Amino acid sequence: MSAETNQRQDGPDGDYDAEAVEKKWQEHWVEHDTYAYDGDPEMDPNTVYSIDTPPPTVSGNLHMGHMYGQALQDFAARFHRMADEDVLFPFGYDDNGIASERLTEQELGIRHQDFSRREFQEKCREVCREYEAEFTEKMQGLGISIDWNRTYKTISPEVQRISQLSFLDLYEQGREYRKQAPAIWCPDCETAISQVEQEDAERHTHFNDVRFDLAEPTESGRDSFVIGTTRPELLPACVAVFVHPEDDENRELIGKEAEVPLFGHTVPIIEDDRVDLETGTGVVMCCTFGDQNDIEWYQAHDLPLRVAIDESATMTDLAGDYEGMSTTEAREAISEDLDEAGHLVDREEHTHTVQVHERCETDVEFRVSEQWYVEILDHKEEYLEAGREMDWYPEKMFTRYEHWIEGLEWDWLISRQRDSGIPFPVWYCEDCGQEVMADREALPVDPLADDPPVDACPECGGEAFEPEDDVFDTWATSSLTPLINAGWDPESIGEGELAAGDLDNPELYPFDLRPQAHDIISFWLFHTVVKCYEHTGDVPFDTVMIHGHVLDENREKMSKSKGNIVAPEEVVDEYPVDAIRYWAASSAVGDDFPYHDKDIVAGEKLLRKLWNASKLVDQLTPAEAAEPDELDPIDEWLLAKLDAVVAETTEQFQEYEFAKARDNLRTFFWNTFCDDYLEIAKSRETESTAYALRTAHRTFCQLFAPLLPHVTEELWSEMHDGGSVHRTDWPEPRGYEADLEAGETAMETVSALRKYKTDHQLALNEELDAVSVYGNVAGMEDAVAEVMHVRNLDVLDAEPETTTEITSVDLDYSTVGPQYGETVGDIDAAIESGEFEIEDGTLHVAGEELGSDLFEIERERTYSGEGEMIETESAIVIVRN
RNA sequence: GGGCUUGUGGUCUAGUUGGUCAUGACGCGGCCUUUACAAGGCCGAGAUCAGCGGUUCAACUCCGCUCAAGCCCA
């Protein structure tokens, strides 16, 4: 708990200066560790609320998505800090992996290939440090209640150790294997990448129709066929040609051999029903490797490998004359030569979608290489079960997780051929290839710089070792954030469960909340479940809160290429952070929603209103208002309404329904408190009113605190004692029982009188001679009379003399419907045309008799007495002026 | 092409298990200096609940199809 004690100030004064106030408190909170987590490992996990926050990639830019996501996490953090005992709200920087490498290269104008791994890593850290400092400043400028003593970086030695421990643990459990297999490969980054690191890109290219000659003609005398390809540079890698077994036209080719033009080698023609009959010529070549299908065929038909493209997308010696060309150069050269040799039958412009690496937008290739995998396909059912055990907000997001797992086809490829990253703690025996793992105690290690833990190979006794120079996929590390945050360092590995002492802060794990956006359910969330489940045997989260994306004003995705990006910095410069947060709470969690800066104006207005209303409360009341023995009905009514709002808001925060909490609070504050009550309270300088005013003010400052932390902190320090509002206990209903109906009726009466004045173009403080009310306003007559400046207000015992005419009948359809079924239509029609009678409370209509509990009579009253009659929902008001 | 989601006044949004005048805000029009707030208050206009079809006495709500948008995957 922080040591600060705020002295109550003189009270709010002048206009609200959001810019100065917000800056002041942001600095104060950081300086005073207002949001520090005590971190007592002995603490009861039920009184700790822990959040596993997303570590943003250090790319230098804070975007609207960060701002929105952070705001939502902060709502939860601030609510639970007040409602529970202690909250862990940490912060991490993901400075590990390709994104930070790219950033470093751009920033310093260098290429990673020109440096040793260690040198380049140093440069990366240098660049990242600057960006992290900038990022921290921006985050603090958003007033997020992060514990800045609890930050981590994914490249730090502690995290490297945890990542390598994770690798060893899974290896010991037999859940990791190294295998030569086709992997998706980025030729520019020269690394394998995972399925999910790809994205679509439009490419203009040519569709080439290439004639292949048969080694021998068919029985019908056919001696050639044509295949269509966008990638003629793959011809040297061609290993087979496929035809669909039901392709009448080409079936005769099956079993023959074809000669690959320009390159001369012969390949078999094989039948396979995976050939798409709808597109192309029906004959397809299979190469090493053009697409996913080629890989399937390679595996299914046990085809040979012909690797014509190397790791940097350069043609190999298999390409003969084209060796050394890039794939794009070779593509042109080969199609020209095909044309010259008379093998190019047709060539036309073509636009298609290809897979590119999301980080550099380079077209990906498939390459066979030795890679490390985490086995996941055999535990699909367990990961599904883990998903079912978590509470999902919103619930519908679980389906995405479910479908993702059900559709998994590959194990998780975790090795990357990069410089900056966390190294695999592995060496291989040069003689027999035996894998040698680092010792647990020695971690973190870098095999390129450190020696293996053994002098001789335990298998063959060989003394020479080759270090693994791959690094981990970044998701292999960021999937460990709950273990990083809880300080994981197991004594023994390979157990697959948590032992006492494995965590520095066991009270944090499993984490209460995992907040994240819906686009990374299949990345971050899924991989975290996999890792944490395998390491601890436990589901890492009680609850996941999935938020949507911030779209542009036309509901389209913000992207650099569209040029529709809104920078948070610009928004923060222009609007108070509290107003931005208020906007962030405007949509249901999980839905995408558009950014409109005019929506922030509503928040700005609320801040101003809060400030001004507080000024008035402060002016009307002494600092300490003791609770009187007896409250006036109007004051008790306000406190009873407040009780209800406390109960509802608490529930809404618990259920992550921030938009509902926000609207509920605003309605109470603006309409009930300001418009209804405060206007009345102005003219009632009683102890009872002072107490109600102070209590309500105190309470709604607290209720608003998670959403609007700056303005509430300022008001709290100006008007209430006891340090930060954010460290106070969340309010509870006090148990006031007031006649809520009478209160509503009183407010309706006020409303009716306002309408009267508006209609008669009278000022609101104009005096009215006499008003009669027929309705229950128990004890609040004076309040009504005072606020509306009525000289004489009396309450009528009996309904005033009016002539009433029955105009219509309102049926209670929820009862009438099931009871009368099809005849409801006839009843409606009869009522509509006035063909009904009411006798002794029974409605006779369309041949049916309805009891009085099934309908309500709608009447029009005509008042012919003195003055003017106004009807409200539950009262009749007569004004004589 | 497949999965998931969204579609409510000009704009943004609420709407729990179907029950009949669909919530609020922004904007718009009119009126009004209440002991704070005119960047306020009061009043008002504005919606065939994306479209079509179905289930039902009754559909914004349930089902099907179509259209548009978002995300994920192929």
Side-chain angles (χ1 to χ4, degrees), chain A residues 12-16 195-196 198-200 291-292 353 355 394 396-404 406-409 517-523 546 548-549 551 553-557 582-583 586-588 590-620 657 659-660 662-664 666-667 670-671 674-675 678-685 750-751 753-766 786-789 810-828 858:
Chain A
D13 191 28
D15 291 336
Y16 181 57
Q195 219 176 329
V196 292
Q198 308 178 96
E199 59 184 24
D200 292 348
D291 58 23
Q292 194 101 20
T353 309
Q355 295 295 305
K396 63 191 178 192
M397 290 296 173
F398 171 67
T399 322
R400 291 202 192 181
Y401 177 88
E402 199 178 19
H403 285 254
W404 167 255
E406 284 168 356
L408 281 174
E409 284 174 14
H518 57 56
D519 59 337
I520 50 173
I521 290 174
S522 52
F523 294 59
I546 307 287
H549 285 170
L551 307 175
E553 54 184 1
N554 301 316
R555 280 188 177 278
E556 283 180 30
K557 185 187 174 157
Y582 187 73
W583 160 78
S586 67
S587 193
D591 288 354
D592 291 345
F593 71 122
Y595 171 77
H596 278 110
D597 53 3
K598 59 182 175 186
D599 289 344
I600 300 180
V601 173
E604 237 180 334
K605 287 189 177 184
L606 176 63
L607 302 184
R608 200 175 299 123
K609 188 80 174 176
L610 262 171
W611 184 257
N612 290 327
S614 299
K615 274 201 300 197
L616 182 58
V617 170
D618 193 53
Q619 202 178 311
L620 292 170
E657 294 173 329
K660 285 186 185 173
R662 167 193 117 127
D663 292 344
N664 198 3
R666 184 191 187 277
T667 302
W670 202 303
N671 302 117
C674 291
D675 295 345
L678 198 48
E679 290 300 335
I680 291 169
K682 277 179 189 174
S683 50
R684 294 170 65 84
E685 289 185 31
V750 170
S751 212
L753 294 175
R754 281 185 182 141
K755 185 172 165 56
Y756 177 88
K757 289 186 175 181
T758 299
D759 289 350
H760 292 79
Q761 303 202 1
L762 297 172
L764 285 167
N765 60 350
E766 191 96 16
E786 282 161 20
V787 71
M788 291 318 291
H789 302 268
D810 273 344
L811 297 178
D812 175 9
Y813 286 96
S814 59
T815 322
V816 174
Q819 208 165 321
Y820 291 89
E822 284 176 3
T823 46
V824 171
D826 299 341
I827 296 173
D828 274 338
E858 218 173 89

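For clarity, every value in this text was computed on a predicted model and none was experimentally measured. Just so it is clear: chains get the letters A, B, ... in the order the sequence lines come, proteins before strands, and each one is counted from 1.
Comparing G70(B), C43(B), G40(B) against the side chain of Leu551(A) picks out G70(B) as the nearest. Distance from the side chain of Arg608(A) is smallest for A39(B) among the nucleotides A39(B), U13(B), U6(B). Relative to the side chain of Pro594(A), the nucleotides C73(B), C12(B), A36(B) differ in distance, and C12(B) lies closest. Residue Thr399(A) has its side chain nearest to C4(B) when only C4(B), G40(B), G41(B) are considered. Nearest nucleotide to the side chain of Tyr813(A), out of U20(B), C57(B), C4(B): U20(B). Of the candidate nucleotides C73(B), A36(B), G41(B), C73(B) has the atom nearest to the side chain of Phe523(A). Here U35(B) is the nucleotide among G19(B), U35(B), U34(B) with the atom lying nearest to any side-chain atom of Glu685(A). Comparing atom distances between the Ala602(A) side chain and each of A25(B), G19(B), A36(B) picks out A25(B) as nearest. In this structure, of A14(B), U13(B), C42(B), it is A14(B) that holds the atom nearest to the side chain of Ala588(A).
Summarising the geometry, the separation between CD on Gln619(A) and C1' on U34(B) is reported as 14 Å, rounded to the nearest angstrom. One interatomic measurement links the two molecules: CD1 of Ile827(A) to P of A58(B), which rounds to 13 Å at whole-angstrom precision. Between His596(A) atom NE2 and G27(B) atom P the separation is 14 Å, expressed in whole Å. Atom P of nucleotide G70(B) and atom CD1 of Ile520(A) are separated by 20 Å, given to the nearest angstrom.
Looking at heavy atoms from C-beta onward, Tyr582(A) lies in side-chain contact with Arg666(A) at the 4.5 angstrom threshold.
OP1 and OP2 of U16(B) both lie 4.0 Å or more from every side-chain N or O belonging to Lys660(A). The side chain of Trp670(A) places no N or O atom within less than 4.0 Å of a non-bridging phosphate oxygen (OP1 or OP2) of A25(B). When the side-chain nitrogen and oxygen atoms of Lys605(A) are compared with OP1 and OP2 of G27(B), one or more of them lie within a distance under 4.0 Å. Checking the phosphate oxygens (OP1, OP2) of A25(B), no side-chain nitrogen or oxygen of Thr667(A) falls inside 4.0 Å. Of the side-chain N and O atoms in Asn612(A), none sit less than 4.0 angstrom from OP1 or OP2 of A36(B). Close to C43(B), at under 4.0 Å from its OP1 or OP2, lies no side-chain N or O of Lys757(A).
Using bins of under 30°, 30° to 60° and over 60° for the plane-to-plane angle, the ring pair Trp583(A)/Tyr595(A) lands in the perpendicular bin.
Residue-environment remark: CD (Glu685(A)) stays at or below the threshold of 12 foreign heavy atoms within 6.0 Å.
With a cut-off of 3.5 Å on both pairing distances, C21(B) has no Watson-Crick or G-U wobble partner at all. C60(B) is unpaired under the criterion used here, namely a Watson-Crick or G-U wobble arrangement in which both key atom distances are under 3.5 Å. For U35(B), there is no paired nucleotide, since no Watson-Crick or G-U wobble pair has both relevant distances below 3.5 Å. Pairing for C4(B) goes to G70(B), judged as Watson-Crick or G-U wobble with the two contacts each under 3.5 Å. C26(B): Watson-Crick or G-U partner is G10(B), with both key distances under 3.5 Å.
Between the side chain of Glu679(A) and the base of A36(B), at least one donor-acceptor pair of N or O atoms lies under 3.5 Å. Interface remark: the Lys755(A) side chain does not form any donor-acceptor pair with the C43(B) base, using a distance-only criterion of under 3.5 Å.
Using a 4.0 Å heavy-atom cutoff across all strands shown, Lys615(A) reaches sugar-phosphate atoms only and no base atom. Pro12(A) comes within 4.0 angstrom of no nucleic acid atom, judged by non-hydrogen atoms across all strands.
Considering all non-hydrogen atoms of both residues, Leu620(A) and Leu678(A) come closest at CD1-CD1, 4.3 Å. Pairing each heavy atom of Tyr813(A) with each of Pro818(A), the nearest pair is O-CD, 3.6 Å.
Ion pairing between Arg684(A) and Glu786(A) holds under the 4.0 Å rule for side-chain N and carboxylate O.
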